[in-house]
2 protein chains.
Amino acid sequence: MCASHVKVTACATVGTLADLPPDVCESVSDVLARVGDKWSLLVIYMLSGGSKRFSELKRGVASISQKMLTTTVRGLERDGYVTRTVTATVPARVDYELTDMGRDVLLPVTALATWALTHRSTVEAARMAYDRLG
Amino acid sequence: MCASHVKVTACATVGTLADLPPDVCESVSDVLARVGDKWSLLVIYMLSGGSKRFSELKRGVASISQKMLTTTVRGLERDGYVTRTVTATVPARVDYELTDMGRDVLLPVTALATWALTHRSTVEAARMAYDRLG
DNA sequence: CGGTATCCAGGAAGATACTG
DNA sequence: CAGTATCTTCCTGGATACCG
């Protein structure tokens, strides 16, 4: 994904929800593109406990590849959700930490997470019912 | 995306946020995978104004291809966010409508949308600052 | 009208190897 | 340790054509 995958390209003629200007669409998709991708949310959650180095994140999200972790933290850094601090020792050490905004986004995201958990069974039931018919 | 793209596959050793069991990760990623994809949110928003037919949705999201609109509404139907009603006239007529759950998810999603709008400028500034350096 | 089927190009992501 | 570079594979999504 990273940047351009989840990018709403047209909101022009929506207009069913009162006052849904195009820039709202773009903002939402921007945030969702970052927060909603495969790994970002997990990394943010991990960092909510405090600063972590690259290898700690790597261990925490066991199945992520080094490449994808790099890509993910770079994206989060670019959008201002985390800071990246390099300590030029040998071997090198890099620490990642949530910014204020990074901590801030946890609030609405947690709300969505709560909703997701609450409606988990409903979604699963709907999915199974749908698949049963074909 | 549809179904498998945004799918968290490992949450095992996260544990920094107090009590973040694996099923929370899966639920969240399930919801985000559906709601956070390129078109679903727009379709949901369009349907928040009431039942709409296929062609109306197609016009509303001008730049979406017929294939992607079909894929999107199918996914939303599968997960129980919308209902699909076929009227066997000639030519055929198909109406889509939000379920209770579909209307319900608008709440947390709107919260995130609001956050996104509020922090829009911050994200953009961070992005530009990051890109300026390289 | 509302799809489905098919083909194709481009990006995403895994595996692997190498570097400051 | 924390990356970058490259190669390859998979899959998404666009274009097009056809069907009930």
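Residue numbers start from 1 in every chain, and the chains themselves are labelled A, B, ... in the order their sequence lines are given, proteins ahead of strands. This is a predicted model, so every value here is computed, not measured.
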Mind calculating the distance between [atom1] ([X]) and [atom2] ([N]) to the nearest angstrom?
| X | N | atom1 | atom2 | value |
| --- | --- | --- | --- | --- |
| Arg84(B) | dG2(C) | CZ | P | 10 Å |
| Leu57(B) | dC1(C) | CG | C1' | 13 Å |
| Glu56(A) | dG3(D) | CD | P | 13 Å |
| Gln66(A) | dT19(C) | CD | P | 15 Å |
| Arg93(A) | dG3(D) | CZ | P | 12 Å |
| Leu69(A) | dA12(C) | CG | C1' | 16 Å |
| Tyr96(B) | dC1(C) | OH | P | 14 Å |
| Lys52(A) | dA2(D) | NZ | P | 13 Å |

Report the nucleotide, chosen from [options], that has the shortest atom-to-atom distance to any side-chain atom of [X].
| X | options | value |
| --- | --- | --- |
| Ala92(B) | dG2(C), dC7(D), dG3(C) | dG2(C) |
| Ser65(A) | dA2(D), dG14(C), dT4(C) | dG14(C) |
| Thr70(B) | dT4(D), dG2(C), dG3(C) | dG3(C) |
| Ser55(B) | dC1(C), dA2(D), dG14(D) | dC1(C) |
| Met68(B) | dG13(D), dA15(C), dG3(C) | dG13(D) |

* Asked: Tyr96(B) pairs by side chain to side chain donor-acceptor pair (under 3.5 Å) with which of Lys52(B), Arg53(B), Glu77(B), Arg84(B)?
  ->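 Checked Lys52(B), Arg53(B), Glu77(B), Arg84(B) against Tyr96(B); only one passes side chain to side chain donor-acceptor pair (under 3.5 Å): Arg84(B).
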
Looking only at side-chain N and O atoms, does [X] come under 4.0 Å of OP1 or OP2 in [N]?
| X | N | result |
| --- | --- | --- |
| Arg53(A) | dA2(D) | yes |
| Arg74(B) | dT4(C) | yes |
| Arg59(B) | dG2(C) | no |

Using modelled atom types and a 3.5 Å cut-off, is there a donor and acceptor pairing between side-chain atoms of [X] and backbone atoms of [Y]?
| X | Y | answer |
| --- | --- | --- |
| Thr99(B) | Gly80(B) | yes |
| Asp79(A) | Tyr81(A) | no |
| Thr72(A) | Ser40(A) | no |

* Asked: Salt bridge check: are Arg120(B) and Asp30(A) linked by an N-O gap of less than 4.0 Å?
  ->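 Between Asp30(A) and Arg120(B) there is no salt bridge, as every charged N stays at least 4.0 Å from the carboxylate O atoms.
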
* Between Pro91(A) and Lys67(A), just flag the one whose closest nucleotide in DNA chain C comes earlier from the 5' side. =>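 Going by which nucleotide is closer to the 5' end, it is Lys67(A).
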
